[in-house]
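Working notes, beginning with the structure itself.
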Amino acid sequence: MEKPIEIFDVIVIGAGIMGSCTAYQTSKRNQKTLLLEQFDFLHHLGSSHGESRTIRASYPEDYYPKMVLKSETLWRDAEEQIGYKVYFKTPQLDIGPSNNKALKAVISSCNKNSIPVRVIDHNTMFQEFDDLIQLPDNWIGVVTEYGGVIKPTKAVSMFQTLAIKNGAFLKDNMEVVEIKRDSLTGGVLVMGKNGEKFSGKKCVVTVGPWMNKLVRNITGIVIPIQPLETTVFYWKIKKGYESKFTIGNGFPTFASYGETYIYGTPSLEYPGLIKIPIHGGRPCEPTDRTWEPTQSLDPLKKWIQEKFGDLVDSTRPVLMQSCMYSVTPDEDFVIDFLGGEFGGDVVVGGGFSGHGFKMGPIVGKILSDLVIDGETKDVELMHFRIKRFEKNSKGNLKNFDDQVSSAH
């Protein structure tokens, strides 16, 4: 006889940052929760691993800052519960030509969201940041207090641990191949590749770069989420200057607007090294990764030489790490009910486009609200609905250039 299938209130598929935050939130609300992961927990095959992620509230789009600020509170709450830190605060610095549309939109967005912002010229920049950062005459710096570094693998582990403390069940090496209506319970039946079955009243899908494939196989619905392989680079700081590029010295997390969107974090995880990558990559399925640099390093080397001079060795990176993005045409998230035969019983969270990790805690709360209450009061979801792509294949209209660069 087949053993009876255990029934859960909520099944969360995908145990990266979004799924782990969701499982924490649903279990916190006394929902019997199961978190499934297709690989080992804390694996390096998706988008939630590694040593650092930026947190910043400076966005050209005015609907993200409030999500970041709510997330910051939730990061602190989780740290207090677990008893250790995953979030290390420092200023955020955005730089670029003074006439750059996206950078001007950042300033406007900060003002609209009551985020204190200072705009400084190249002379003030040189003085304020210890003579470390050089800007061209026609460039400006935008300084906000809401910056910092999050330790991603440690953060995912934190939320999984808190979910377990709340009574959640976690199961890894369980690849989900089908989701369908459970004819016995009226809920949702989730089937693993190994034949195991799980029944849930509700289901949340947060499978990162596997989202498009899984949803298409289940429903035939195509959500335009393009997996992208990206590479993170670490560069060596000149001997004697290592401490100047640290959070302890007030060095900021930073982003550079221009022909190429470049970002970076202070020296933290690898002493004497600074992380400076290009925000972009090579379109590919998660199974077709090369684990090699996905774009030319020439623009990045030139940028490092121009902005840091000989304080950072721009001849070559000394360390590389591979990661995956899940990019939508407008680089906005997908947070919505799957609909169709599932109605409001299956919710999807994906398309985080290389900038979602910092908002994991609030996204997890939103997904939890949707699956339990059928609505959320935290965020207006208009910009994140699936149907936006029916009206316009490019999604939300914006008056500035894309930030994610793609090497075809």
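Index from 1, following the sequence.
- When ring centroids are compared, Tyr63 and Phe333 stay outside the 6.0 Å threshold.
- Every pair passing salt bridge (Lys or Arg N to Asp or Glu O under 4.0 Å) that includes a residue from residues 218-242 is listed here, sequence neighbours excluded: Glu229-Arg282, Glu229-Arg289, Lys238-Asp310.
- Asn396 places a side-chain N or O within donor-acceptor distance of the main-chain N or O of His383, the cut-off being under 3.5 Å.
- Using a cutoff of 4.0 Å between basic side-chain nitrogens and carboxylate oxygens, Asp369 and Lys365 are scored as salt-bridged.
- Applying the side-chain hydrogen bond (donor to acceptor under 3.5 Å, both in side chains) test to pairs two or more places apart or on separate chains, those with a residue in residues 5-14 are Glu6-Lys32, Asp9-Lys201.
- Contact check on Arg56 versus Asp94 returns no salt bridge, with no Lys/Arg side-chain nitrogen under 4.0 Å from an Asp/Glu carboxylate oxygen.
- Qualifying side-chain contact (heavy atoms from CB on, under 4.5 Å) partners for Thr90, counting only residues two or more places apart in sequence or in other chains: Ile247, Thr253, Pro266.
- Counting only distance, with no hydrogens or angles, the side chain of Thr294 and the backbone of Thr230 share no donor-acceptor pair below 3.5 Å.
- Looking at Thr124 and Asp121, their side chains do bring a donor and an acceptor atom within 3.5 Å of each other.
- The residues Arg118 and Glu128 are annotated as salt-bridged, a charged nitrogen and a carboxylate oxygen being separated by less than 4.0 angstrom.
- Shown here are the ring-ring contact (aromatic ring centres under 6.0 Å, His included) partners of Phe389, two or more places apart in sequence or in another chain: there are none.
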**Prompt:** Given Leu189 and Ile5, is the side chain to side chain contact (heavy atoms under 4.5 Å, CB included) satisfied, shown in steps?
**Reply:** CA-CA 10 Å; Leu189 193 64; Ile5 300 173; 4.2 Å; yes
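- Counting only distance, with no hydrogens or angles, the side chain of Thr287 and the backbone of Glu285 share no donor-acceptor pair below 3.5 Å.
- Between Tyr234 and the choices Lys275, Glu269, Glu51, the side-chain hydrogen bond (donor to acceptor under 3.5 Å, both in side chains) rule is met once, by Glu269.
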Check: Step by step, would you call Thr376 with Ile335 a side chain to side chain contact (heavy atoms under 4.5 Å, CB included)?
Finding: CA-CA 11 Å; Thr376 183; Ile335 302 173; over 6 Å; no
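- No hydrogens or angles considered: a donor-acceptor pair under 3.5 Å links the side chains of Gln81 and Tyr24.
- Legend: residues meeting side-chain contact (heavy atoms from CB on, under 4.5 Å) with Asn30, ordered by chain and number and at least two apart, are absent.
- Of the possible donor and acceptor atoms, one in the side chain of Gln160 sits under 3.5 Å from a partner among the backbone N and O of Ala15.
- Residue pairs meeting the ring pair (Phe, Tyr, Trp, His ring centres under 6.0 Å) criterion with at least one member in residues 27-50, sequence neighbours excluded: Phe39-His43, Phe39-Trp210, His44-His49.
- Counting heavy-atom neighbours within 6.0 Å of Lys398 NZ, excluding the residue itself, gives a total above 12.
- Looking only at atom types and distance, the side chain of Thr144 has no donor-acceptor partner in the side chain of Gln92 under 3.5 Å away.
- By the side-chain contact (heavy atoms from CB on, under 4.5 Å) test, Glu72 is found to be paired with Tyr87, Lys89, Tyr146, residues two or more places apart in sequence or in another chain being considered.
- Screening residues 160-182 for ring pair (Phe, Tyr, Trp, His ring centres under 6.0 Å), with sequence neighbours left out, gives Phe8-Phe169.
- Within the structure, no pair that satisfies the salt bridge (Lys or Arg N to Asp or Glu O under 4.0 Å) test touches residues 149-159, not counting sequence neighbours.
- In this structure, a donor-acceptor pair under 3.5 Å is present between the side chains of Ser256 and Trp303.
- Residues forming a ring-ring contact (aromatic ring centres under 6.0 Å, His included) with Tyr257 (at least two apart in sequence, or on another chain): Tyr261.
- Checked against a 6.0 Å centroid threshold, the rings of Trp235 and Tyr270 do not count as neighbours.
- Checked by atom type and distance alone, the side chain of Lys70 never pairs as donor or acceptor with a backbone atom of Ile362 at under 3.5 Å.
- Residues forming a side-chain contact (heavy atoms from CB on, under 4.5 Å) with Arg216 (at least two apart in sequence, or on another chain): Asn212, Lys213, Val222.
- Residue pairs meeting the side-chain hydrogen bond (donor to acceptor under 3.5 Å, both in side chains) criterion with at least one partner in residues 163-172, sequence neighbours excluded, are Ser27-Asn166.
- In this structure, Ser20 contributes its side chain and Ile17 its backbone to no donor-acceptor pair below 3.5 Å.
- Using modelled atom types, one finds no donor on one side chain facing an acceptor on the other under 3.5 Å when comparing Tyr64 with Asn113.
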